[in-house]
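Note sheet for the following structure.
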2 protein chains.
Amino acid sequence: MDSSPPDLLGEFAADRLLLGRSSTVRRVTDLLRDRIAAGALRSGTRLSEEALGGALGVSRNTLREAFRVLAHERLVVHEMNRGVFVRSLGPEDVADIYLTRRALETAGVRSATGSGRLAAVNEAVAAGESAARDGDWAAVADADLGFHRAIGALTGSERIDAYLAGLLAELRLAFAVMDDPRALHEPFLRRNRRIADLLTTDRTDRAEAELVRYLDDARELIVARMRQDAG
Amino acid sequence: MDSSPPDLLGEFAADRLLLGRSSTVRRVTDLLRDRIAAGALRSGTRLSEEALGGALGVSRNTLREAFRVLAHERLVVHEMNRGVFVRSLGPEDVADIYLTRRALETAGVRSATGSGRLAAVNEAVAAGESAARDGDWAAVADADLGFHRAIGALTGSERIDAYLAGLLAELRLAFAVMDDPRALHEPFLRRNRRIADLLTTDRTDRAEAELVRYLDDARELIVARMRQDAG
DNA sequence: TCTTGTGGAATTGTTCAACAACCTTCTAGC
DNA sequence: GCTAGAAGGTTGTTGAACAATTCCACAAGA
């Protein structure tokens, strides 16, 4: 042991977290989260303990532990004695999510200078533009969310990053309402680029103003579509 | 039914949510959360499934569901095949929490004007001052956290309020390190009052500056004490 | 002395079966 | 058409069981 370079030991210690075999609950939670984000499980769908447990080959108890996590992430709602359902967002939810995004993302923009994390922001913009050229609108959506997550990560806070990631996952529930992902994400590609450029050139105040306008416009787009569907 | 005033029906409908009999998991989760916040369960304490389940009179499966929730709230850590432990915060955690508080609370300050929610802020300040006069430093701590939660609630976002509440609960884990609650909270009573006054008179920019200084100072106080304990 | 096996005790991870409580639906009766 | 009540299915919770894993102590070897 003493002959090993200390660096090597450090690497192993870091690997240990990745190495750890994941529990069944963890795998089930991840799987359900992915299916919900991908829209395979629509809003309002009832997740029967018996049916889903049978399909996944896990016990009811294990499934219930996974449900508790997903409910805390607001991806499903747990109604007492009635079961759990894939969450469905209303206009108030979307408005609330955008209020929260505004708080977190503007915080990121304001601490952009000297954060040394702008590379990820520019990479996300490039990924979105590349996906748009390929016509892969699902990838554009991913890149768009990745961009905003990178904006939040400018704060350097692990909690802000994690919470924003969850918030954006929740927002995907609303995306399912938009039948045309291109109409939802394409117009914002250019605005992402502009915000990234403003940040790269240290014009943070203007970047913040652009970001706030972006968020207001995106919210209005979704809320309008929701009211249209409802009426 | 038709003879009842509609207001009354609305009240009952609202009560129904509160009335709803809570599940065992919910009660266990609340109880453990309270005990952790109160410091009755110290950081690092191992929560044995069998022992705790026996003491509370609930089954291991029920307890495990509660653990999933608490782990998601970052109040306990779940180590695979080892068990769950009351979380212990390091200086990095405290720094991260204060970064997040800064993002959320400054957002609240910036949307204070015309929010119509300043009453709760002033009430929290008054509650803190009253508790200080009584020498009830635990109540001062509650009021302090209530003040900052009210600041976040100025955004009008339910999610920001809920997340900030969780964040402050997590921070109580660090308060346990401070043996003297008076030293931790008393100096900040005056600063809370000052921030509230600035907000009430619409001097939001100065309020924000004061708040940021407050948060930086509080973080330093806790981090310094932690390093002192560690070294 | 320090490290390396080894065995056993204790704990967690997961499943299964059971039952009470509850919700939903259908039916009978008015 | 409406209400009460019975029937069936689902969730809430428990207790037991077993495999997998960790922890601890102790012995064996360098």
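Keep in mind it's a predicted model, so treat the numbers as computed, not measured. Labels below follow one simple rule: chain letters A, B, ... track the order of the sequence lines, proteins then strands, and each chain is numbered from 1.
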I'd like to know whether CZ of B:R101 has more than 12 heavy-atom contacts from other residues, nucleotides or ligands below 6.0 angstrom. yes
Counting only heavy atoms not in B:R172, do more than 12 fall under 6.0 Å of its CZ? yes
Centres of the A:H148 and A:Y214 rings: under 6.0 Å? yes
Report yes if a side-chain nitrogen or oxygen of [X] is closer than 4.0 Å to either non-bridging phosphate oxygen (OP1 or OP2) of [N]; otherwise report no.
X	N	answer
A:H78	D:dG12	yes
A:R64	D:dT11	no
B:T62	D:dG12	no

Closest non-hydrogen atom pair, B:A112 against B:L154: CB-CD1, 3.8 Å
Nearest non-hydrogen partners of A:L167 and B:R159, listed with the distance: CD1-CD, 3.8 Å
Compute the angle between the rotation axes at the two ends of the helix from C:dT1-D:dA30 to C:dC30-D:dG1, each taken over five pairs, rounded to 10 degrees. 20°
Find every protein N or O atom lying less than 3.5 Å from an N or O atom of nucleotides 16-19 of chain D, and list the pairs.
| unit_1 | atom_1 | unit_2 | atom_2 | d |
| --- | --- | --- | --- | --- |
| D:dA17 | N6 | B:R60 | NH1 | 3.3 |

Quick note, A:T24 side chain, CB onward, closest among D:dT11, D:dT13, C:dT15 is C:dT15
To the nearest Å, give me how far apart [atom1] ([X]) and [atom2] ([N]) are.
X	N	atom1	atom2	value
B:E65	C:dG13	CD	P	14 Å
B:L52	C:dT11	CG	C1'	14 Å
B:F85	D:dT22	CZ	C1'	10 Å
A:L63	D:dT13	CG	P	16 Å
B:E50	C:dT14	CD	C1'	16 Å
A:E49	C:dC22	CD	P	16 Å
A:R82	D:dT11	CZ	P	11 Å
B:L56	D:dT13	CG	P	14 Å

Does B:R60 come within less than 4.0 Å of B:E50, counting only side-chain N to carboxylate O? no
Check whether any side-chain N or O of [X] sits under 3.5 Å from a backbone N or O of [Y] as a donor-acceptor pair, and report yes or no.
X	Y	result
A:S130	A:A126	no
A:S157	A:A153	no
B:R87	B:R74	yes

Would you check if [X] and [Y] make a side-chain contact, meaning some heavy-atom pair closer than 4.5 Å?
X	Y	value
B:Y98	B:V223	no
B:F175	B:L145	yes
A:T29	A:E65	no

Table of protein N/O atoms under 3.5 Å from nucleotides 4-9 of chain D N/O atoms:
none

For A:V25 and A:M80, find the nucleotide of DNA chain C closest to each by heavy atoms; which residue's nucleotide sits nearer the 5' end? A:V25
5' priority, DNA chain C, between A:N81 and B:R46 [closest heavy atom]: B:R46
By the 4.0 Å heavy-atom rule, please label B:G57 as base, sugar-phosphate, or nothing. sugar-phosphate
